[in-house]
Amino acid sequence: MNTVMRLGYLGFEVSDVDAWEAFGVDLVGWQGERQTPSLLTARTDTQARRLFFHQGSRDDLIFAGWEVADEAVLRDIGRQLTEAGFAVTEGSLAEVQERGVEALVRFTDRAGNPLELFCAPMIASAPCSTPLQSQGFVAGSKGLGHYVAGHPDLAAARALYCDILGMRISDYILIPTPDGGSVRAMFLHCNTRHHSVALVDASLPHKIDHFCLQMQAFQDLGLAHDRFVASRYAIRNSLGQHPNDLGVSFYAATPSRISVEISWSDFELEEAGWTTRTFDRTSLWGHHPPAK
Ligand SMILES: [Fe+2]
């Protein structure tokens, strides 16, 4: 079965590109590259473009790019999407050049989440510059990281993300709500990263709740935490540990309304024998909101 292999890139429309440039380079520690006054791109590994920040008013995700093996796979999955009733659009030459890929197609899932499939991303010859970190980000074959989006109908989400795109369910987490109920988050993987996307069966105020970048060294998570504590960007959830991938992370504000999660985990998902479970809490410890 043809499948997506990894989360390749994320694109945002942001009202303050300058703020994102300083935020990424001086706080998170990625390599920023200003392509034009209205476009910032960023690297977290050898791939030339992992993050895109377009000047605009939405302050939200505008595309999530999923990598496939080659153009034949791209066309095959595109055909399956069309047969399933998704409106698939060929990426323009300008979009292909901007993303730094050979080809791409665009579509949205049933909840309106903007997705792209692409192949053959540009690899930079120069090493990725992450001077704030001892070891850099976990990316490469595991992809950029993960994000959390809303999708009120998880059965419909499974029909797309699993049956067509070929992802597998890692597990579920029941997230308590203030009214005593809960929402269900479905965690999906397409490589040894525990999850590359999680979908919550609720309508979120933005296209994503947060995106996550993973540090290779635990020390670099702590150093990033120190930088955020000293910055003007609020820690939205303190250091804590998730029960499914046992990752340690914190969540912080960004120049837009979405949050960023900075994490560390040595979890390697093994497909053979994997069983899906449901967890009754989001955190084993920590991840507390700020004290009032
Ligand atoms: Fe996360």
Side-chain angles (χ1 to χ4, degrees), residues 6-10 12 23-24 27-30 44 50-51 60-61 64 66 111 113 115 137-139 142-151 154 157 161 167-177 182-202 204-216 218 220-222 224-225 228 233-254 256-269 276-289:
R6 59 191 69 92
L7 175 65
Y9 54 73
L10 292 173
F12 302 88
F23 175 85
L27 269 183
V28 181
W30 64 51
T44 61
R50 285 288 194 190
L51 295 158
D60 205 348
L61 182 80
W66 294 91
N113 294 307
L115 307 175
F137 297 94
V138 176
K142 288 185 169 182
L144 171 62
H146 75 251
Y147 65 95
V148 175
H151 199 303
L154 289 187
Y161 288 83
M167 295 188 209
R168 281 83 67 193
I169 299 171
S170 306
D171 38 50
Y172 297 93
I173 290 183
L174 297 179
I175 305 170
T177 53
S182 65
V183 295
R184 191 172 175 87
M186 180 170 72
F187 292 77
L188 296 161
H189 66 270
C190 50
N191 53 53
T192 60
R193 189 187 286 280
H194 176 273
H195 58 282
S196 295
V197 60
L199 299 170
V200 181
D201 63 350
L204 303 180
H206 317 303
K207 290 295 183 196
I208 60 170
D209 174 75
H210 69 269
F211 69 100
C212 178
L213 300 177
Q214 185 180 338
M215 300 296 194
Q216 289 196 36
F218 189 74
D220 288 335
L221 168 66
H225 186 259
F228 271 89
Y233 293 95
I235 302 286
R236 289 182 168 161
N237 294 95
S238 66
L239 281 166
Q241 186 172 27
H242 291 301
N244 49 3
D245 64 357
L246 301 178
V248 177
S249 66
F250 68 94
Y251 296 73
T254 70
S256 300
R257 293 166 296 183
I258 55 177
S259 298
V260 66
E261 179 183 15
I262 307 293
S263 77
W264 176 87
S265 171
D266 60 1
F267 190 94
E268 292 282 326
L269 190 143
T276 303
R277 296 175 292 173
T278 300
F279 296 89
D280 63 356
R281 67 194 65 197
T282 54
S283 305
L284 296 173
W285 54 268
H287 288 146
H288 301 298

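Atoms within a ligand are numbered from 1 in the order they appear, just like the ligands themselves. Numbering starts at 1 and runs along the sequence shown.
- Among residues two or more places apart in sequence or in another chain, the salt bridge (charged side-chain N to carboxylate O under 4.0 Å, His left out) test is passed with Arg6 by Glu67.
- With Arg50 contributing its side chain and Gly8 its backbone, the two residues share a donor-acceptor pair below 3.5 Å.
- A donor-acceptor contact shorter than 3.5 Å is absent between the side chain of Glu261 and the backbone of Tyr251.
- Near-neighbour remark for the Fe ion (ligand 1): protein N, O or S atoms under 2.8 Å are His146 NE2, His210 NE2, Glu261 OE1; waters not counted.
- With sequence neighbours left out, Arg193 forms a salt bridge (charged side-chain N to carboxylate O under 4.0 Å, His left out) with no residue at all.
- Ile169 and Thr276 get closest at one heavy-atom pair: O-OG1, 3.4 Å.
- When the salt bridge (charged side-chain N to carboxylate O under 4.0 Å, His left out) test is applied to Arg257, no partner is found at least two apart in sequence or on another chain.
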